[in-house]
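Since the structure comes first, as structure tokens, the remarks are kept for the end.
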Amino acid sequence: MCTATNYTTKDHYFGRNLDLEFSYNEAVTVTPRSFPFEFRKEPALDTHHAIIGMATVVDGYPLYYDATNEKGLSMAGLNFPENADYKPEADGKTNITPFEFIPWILGQFETVAQARTALASLNLVKINFSDAYPLSPLHWIISDRNESITVESVKEGLKVYDNPTGVLANNPTFDIQSFKLNDFMHLSTYPPENRFSEDLPLDTYSRGMGAIGLPGDLSSSSRFVKAVFTKMNSVSGDSESESISQFFHILGSVAQQRGCVHVGDKFEITIYSSCCNTDQGVYYYTTYENSQVTGVDMHKEDLDGTALASYPLIKGQQIHMQN
Ligand SMILES: C[C@H](CCC(=O)NCCS(=O)(=O)O)[C@H]1CC[C@H]2[C@@H]3[C@H](O)C[C@@H]4C[C@H](O)CC[C@]4(C)[C@H]3C[C@H](O)[C@]12C
């Protein structure tokens, strides 16, 4: 399971939890402007916007999970099993494979509005990266500081939804996830009032009772509701420290602790949580065992070059002893 969100204070932030039972050796990866992006069915982008994000680099190609470009446009792919349906190549369409989708969008566009226009002719074509890296069933969130959309390639075709929550989890389809929020409109961050019965002396005996009923389990639809509630009600100061702290707390509200979700004989855990300051191009992350925030600044790399820069994750706990 995974959850992605955005959040705005003075700057705009975008990130995700990557929840899985194993890792693909992902690394924070910066793609500079002149790295040649080849596409299987479309012309290469020889120059493009620079990109920073989490990727597995295979045969010199950055397979991005989530990323932000130098203009602040951001995108993440999340698991969408049983629903994702990729298509054969189609004449008259722009045929992009799912593993090329993030580079293709972030390489060219600055805003969600521009991306949305390009999506009108997009066909997510069913071509594996390789036998060792077949396609994953994914759906995507694309965000800038003003709006977010969700993109789903399903049996009926490519669907693009406005996403006013700025949050995405996994199954079911986004229209169903969004509709379910109606069931929770009574939740509140304020103490509840007794509307149950005037004849009963009901007591607000604890703080937080206004949100009793907020899902706390780790299923995808529950994480969606919990993350939307937490993000939409989040309050933070404007500084970088306060903003990223708040962001990691939002993601923490839907993080997976080892032992709580069985996947065969393993457990799903939050392998990493990311938070990119999309205005500054700084990608912060924590890992399951490293709660210290680590950052990579794309502007410290040679963005006019051709070579990828990859930073393997610092995974061990960093303990700061005080005495
Ligand atoms: C499994 C990951 C998503 C995590 C997630 O959503 N889990 C939820 C599980 S569930 O629904 O609730 O069951 C996805 C996100 C990005 C994916 C990776 C990226 O798409 C990049 C490449 C793409 C290649 O085609 C396959 C390997 C891969 C390296 C992908 C492996 C895997 O599918 C990743 C890592």
Side-chain angles (χ1 to χ4, degrees), residues 1-5 14-29 31 37-40 51 53-68 74-86 96-106 124-142 150-154 167-174 176-177 215 217-227 251 254-258 260-264 266-274 285 287-288 308 310 312-313:
M1 294 172 260
C2 283
T3 315
T5 187
F14 179 91
R16 63 105 55 82
N17 285 341
L18 191 283
D19 302 336
L20 213 54
E21 64 281 15
F22 57 86
S23 146
Y24 287 89
N25 285 326
E26 50 278 347
V28 180
T29 302
T31 302
F37 264 131
E38 308 277 348
F39 299 105
R40 299 290 167 99
I51 296 171
M54 196 66 82
T56 301
V57 179
V58 184
D59 299 336
Y61 192 94
L63 293 165
Y64 277 109
Y65 307 8
D66 54 88
T68 292
S74 305
M75 186 164 172
L78 285 81
N79 227 20
F80 193 43
E82 315 290 318
N83 281 309
D85 189 61
Y86 305 131
I96 292 295
T97 72
F99 67 81
E100 296 165 342
F101 193 23
I102 291 181
W104 188 75
I105 291 284
L106 297 190
L124 281 176
V125 62
K126 194 175 182 171
I127 303 174
N128 291 334
F129 180 77
S130 63
D131 289 346
Y133 289 89
L135 288 181
S136 305
L138 302 176
H139 60 170
W140 292 265
I141 178 170
I142 307 177
T150 297
V151 183
E152 298 185 337
S153 183
V154 292
V167 175
L168 187 65
N170 307 105
N171 279 341
T173 52
F174 190 69
I176 297 175
Q177 295 268 23
D217 69 273
L218 294 170
S219 67
S220 172
S221 46
S222 293
R223 280 182 288 107
F224 180 70
V225 176
K226 178 103 191 269
L251 288 180
V254 286
Q256 315 258 16
Q257 299 77 23
R258 184 180 290 118
C260 293
V261 175
H262 264 287
V263 184
K266 294 191 169 147
F267 295 105
E268 187 160 274
I269 59 168
T270 298
I271 290 184
Y272 72 82
S273 302
S274 66
Y285 69 87
T287 71
Y288 192 77
L308 299 177
S310 253
L313 302 191

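Counting starts at 1 for both ligands and their atoms, in listed order.
Short contacts between ligand 1 and Ser136, defined as distances under 4.0 Å to a heavy atom of the residue, involve ligand atoms 26 (C), 30 (C), 31 (C), 32 (C), 33 (O). Each of the following atoms of ligand 1 lies closer than 4.0 Å to a heavy atom of Leu135: 25 (O). Of all the atoms in ligand 1, the ones that sit under 4.0 Å from a non-hydrogen atom of Pro134 are 24 (C), 25 (O), 26 (C). Interface atoms of ligand 1 facing Leu20, defined by a heavy-atom separation under 4.0 Å, are 1 (C).
The closest approach between any non-hydrogen atom of Gly77 and ligand 1 is below 4.0 Å. Remark: distances from the non-hydrogen atoms of Pro137 to ligand 1 are all 4.0 Å or more.
For the 3.5 Å distance criterion, the side chains of Asp66 and Tyr272 qualify, holding a donor opposite an acceptor. A donor-acceptor pair shorter than 3.5 Å can be found between the side chains of Glu26 and Tyr65. In summary, the side chains of Thr3 and Arg223 do present a donor paired with an acceptor at a separation below 3.5 Å, with no hydrogens or angles considered. For the 3.5 Å distance criterion, the side chains of Thr31 and Tyr64 qualify, holding a donor opposite an acceptor. Judged by distance alone, the side chains of Asp217 and Ser222 do bring a donor and an acceptor atom under 3.5 Å apart.
Below 3.5 Å of separation, one finds no N or O of Pro81 facing any N or O of ligand 1. Between Arg223 and ligand 1, no pair of N/O atoms sits closer than 3.5 Å. In terms of polar-atom proximity, defined here as any N/O pair under 3.5 Å, Tyr65 makes no such contact with ligand 1. For ligand 1, the polar-atom distance check against Glu268 finds no nitrogen or oxygen pair separated by under 3.5 Å.
Here the rule is side chain to side chain contact (heavy atoms under 4.5 Å, CB included) with Glu21, and of Val261, Val263, Ile271, Ile269 only Val263 fits it.
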Exercise. Which is it for Phe99 and Phe129 under the ring pair (Phe, Tyr, Trp, His ring centres under 6.0 Å) test, yes or no, and what are the steps along the way?
Worked result: CA-CA 7 Å; Phe99 67 81; Phe129 180 77; 5.0 Å; yes
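Contacts with ligand 1 closer than 4.0 Å are made by heavy atoms of both the backbone and the side chain of Asn79. The proximity of Asn128 to ligand 1, defined as any non-hydrogen pair under 4.0 Å, does not occur for either the backbone or the side chain. Heavy atoms of Tyr133 found under 4.0 angstrom from ligand 1 belong to the backbone as well as the side chain. Neither the backbone nor the side chain of Asn171 comes within 4.0 Å of ligand 1, counting heavy atoms alone.
In plain terms, the two heavy atoms of Thr29 and Pro62 that are nearest each other are CG2-CB, 4.3 Å.
Put simply, the side chain of Asn171 reaches to within 4.5 Å of the side chain of Pro81, judged on heavy atoms.
In this structure, Tyr288 contributes its side chain and Arg258 its backbone to a donor-acceptor pair below 3.5 Å.
For the residues Thr97, Leu63, Thr3, Ile127, the heavy atom positioned nearest atom 21 (C) of ligand 1 is part of Leu63. Closest heavy-atom approach to atom 2 (C) of ligand 1 within the set Leu18, Asn17, Val57: this belongs to Leu18.
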